[in-house]
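Step one of this worksheet: look at the structure below.
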Protein chains: 2
Amino acid sequence: MRDEPDFDLKDFLPYLLNLAAEEASLGFQVHYKTRYGMLRTEWRVLFHLGRYGEMTAKEICDRAQLHKTVVSRAVAKLEARRFLRRREMAQDRRAEVLALTDQGHAAYAELRTQAQAYEARLAAPFTAQEAAALRKALKLLAKL
Amino acid sequence: MRDEPDFDLKDFLPYLLNLAAEEASLGFQVHYKTRYGMLRTEWRVLFHLGRYGEMTAKEICDRAQLHKTVVSRAVAKLEARRFLRRREMAQDRRAEVLALTDQGHAAYAELRTQAQAYEARLAAPFTAQEAAALRKALKLLAKL
DNA sequence: CCTTGTTAGTTACATTTTCAACTATTATCG
DNA sequence: CGATAATAGTTGAAAATGTAACTAACAAGG
């Protein structure tokens with residue numbers, strides 16, 4: 001049985017995307033993990049609240065493409081570490097508005113700064129046009 | 001405390017890469033998961049052996065950027081399903097050469113065909129130049 | 001109102017992944 | 001040679017993730 005030669009794993013997009021994503025995640029992980037003991041899902045929640053302001057867990061789920069159980073646990077952990085507070089909504093007592101505490105804002109500010117620096121490092125090998133094209137392609141693939 | 005406005009999560013490369021990678025993985029997962037009950041790590045091992053021929057677990061670790069425990073478990077599962085055989089190396093009795101069985105080759109051939117079809121679907125929205133640029137950028141980011 | 005259906009969020013359980021420790025074998029160097 | 005280090009691979013426990021079932025509150029139609 002002869003295997004077709006014209007298929008290289010190294011050009012297979014899902015594979016390449018995974019490798020690139022893992023490598024990129026790893027480099028940034030250092031900051032939120034070693035400094036704050038956070039998980040990827042936790043900083044995503046933190047970033048959403050820090051960048052886009054108060055919102056409910058449901059809104060985070062929709063915007064961040066995270067499952068509600070993930071968000072539920074991330075919120076619980078961030079709350080335990082005093083990075084956010086919950087406020088019950090008067091109109092709908094099922095939902096809670098989540099808001100960063102001062103400590104949460106401080107952590108966000110620090111991580112955002114490092115994120116920007118890391119982003120710059122990642123984008124350094126590309127021209128502005130190349131980086132823009134890359135982001136556009138990734139957004140398309142991510143169905144954003 | 002005013003948050004800097006010039007940072008958008010939606011343009012942060014690690015975030016975009018993760019979303020795109022998850023989306024791309026999900027679409028292909030259907031094939032190896034529903035048809036063969038495989039995990040992502042298992043088809044990676046299968047693909048490496050199918051595409052590049054016999055090799056040891058160590059070589060797969062290095063080439064596929066997978067941890068040895070992951071490979072060890074994937075190999076055990078693929079062996080249990082008769083997709084591969086182990087052969088002890090005479091020169092070094094610690095290592096084992098892994099080779100696909102006929103069944104393994106058949107599974108590889110089918111999955112490879114579907115991978116090619118899926119790849120074509122993913123690349124469809126791009127011109128040949130765009131797709132090439134994307135792959136090149138991803139390889140750079142993945143440090144390949 | 002009151003049954004039925006939907007939604008926000010949590011909890012429990014199974015599956016995966018990760019990390020550290022372990023065995024067996026080979027390599028190195030005094 | 002013989003002790004020590006390094007390497008291939010496995011195993012067990014802990015952490016994380018995904019799936020499904022659950023609670024509590026709201027919505028809507030009879």
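Chain letters run A, B, ... following the sequence lines, proteins first and then strands; every chain starts at 1.
- For A:R51 and B:F7, the positive end is not near the middle of the six-membered ring at less than 6.0 Å and at most 45° from its axis.
- With rounding to whole Å, B:L98 atom CG is found 14 Å from D:dT10 atom C1'.
- To the nearest angstrom, P of D:dT10 lies 9 Å from CD of B:E79.
- Among B:H31, B:E110, B:E42, the one residue that satisfies the side-chain hydrogen bond (donor to acceptor under 3.5 Å, both in side chains) test with B:Y36 is B:E110.
- The side chain of B:D92 approaches C:dT26 more closely than any other nucleotide in the set D:dA8, D:dT17, C:dT26.
- Comparing atom distances between the B:E96 side chain and each of C:dG9, C:dT26, D:dT10 picks out D:dT10 as nearest.
- In this structure, the ring of B:F28 has its center less than 6.0 angstrom from the ring center of A:F12.
- Of the side-chain N and O atoms in A:R73, none sit less than 4.0 angstrom from OP1 or OP2 of D:dA16.
- With rounding to whole Å, A:R40 atom CZ is found 14 Å from C:dT18 atom C1'.
- Using a 4.0 Å cut-off, no side-chain N or O of B:T69 falls inside it from OP1 or OP2 of C:dT18.
- Here salt bridge (charged side-chain N to carboxylate O under 4.0 Å, His left out) pairs that include residues 129-144 of chain A, with residues two or more places apart or in two chains, are A:E119-A:R135, A:K139-B:D11, A:K143-B:E23.
- One can find a donor-acceptor pair under 3.5 Å joining the base of D:dT7 and the side-chain atoms of B:R94.
- Between the CD atom of B:E22 and the P atom of D:dA16 there is a distance of 17 Å, rounded to whole Å.
- Counting to the nearest Å, the P atom of D:dA15 and the CE atom of A:M38 are 19 Å from each other.
- Atom CG of A:L78 and atom C1' of C:dG9 are 16 Å apart (whole Å).
- In this structure, B:K33 atom NZ and C:dT15 atom P are separated by 11 Å, rounded to whole Å.
- Within the 4.0 angstrom heavy-atom criterion, base atoms lie near A:H67.
- Between the P atom of C:dC19 and the CD atom of A:Q29 lies a distance of 8 Å, rounded to the nearest Å.
- Considering only side-chain atoms of B:L39, the nucleotide from D:dT11, C:dT25, C:dT17 that sits closest is C:dT17.
- Of the candidate nucleotides C:dT25, C:dG9, D:dG9, C:dG9 has the atom lying nearest to any side-chain atom of A:K68.
- Mapped onto DNA chain D by nearest heavy atom, A:A90 and B:V71 fall at different nucleotides, with B:V71 at the one closer to the 5' end.
- Both B:L13 and A:L144 belong to a single network of hydrophobic side chains, linked directly or stepwise wherever heavy atoms of I, L, V, M, F, W or Y lie under 4.5 Å apart.
- Heavy atoms of B:R86 sit under 4.0 angstrom from primed sugar atoms or phosphate atoms, though from no base atom.
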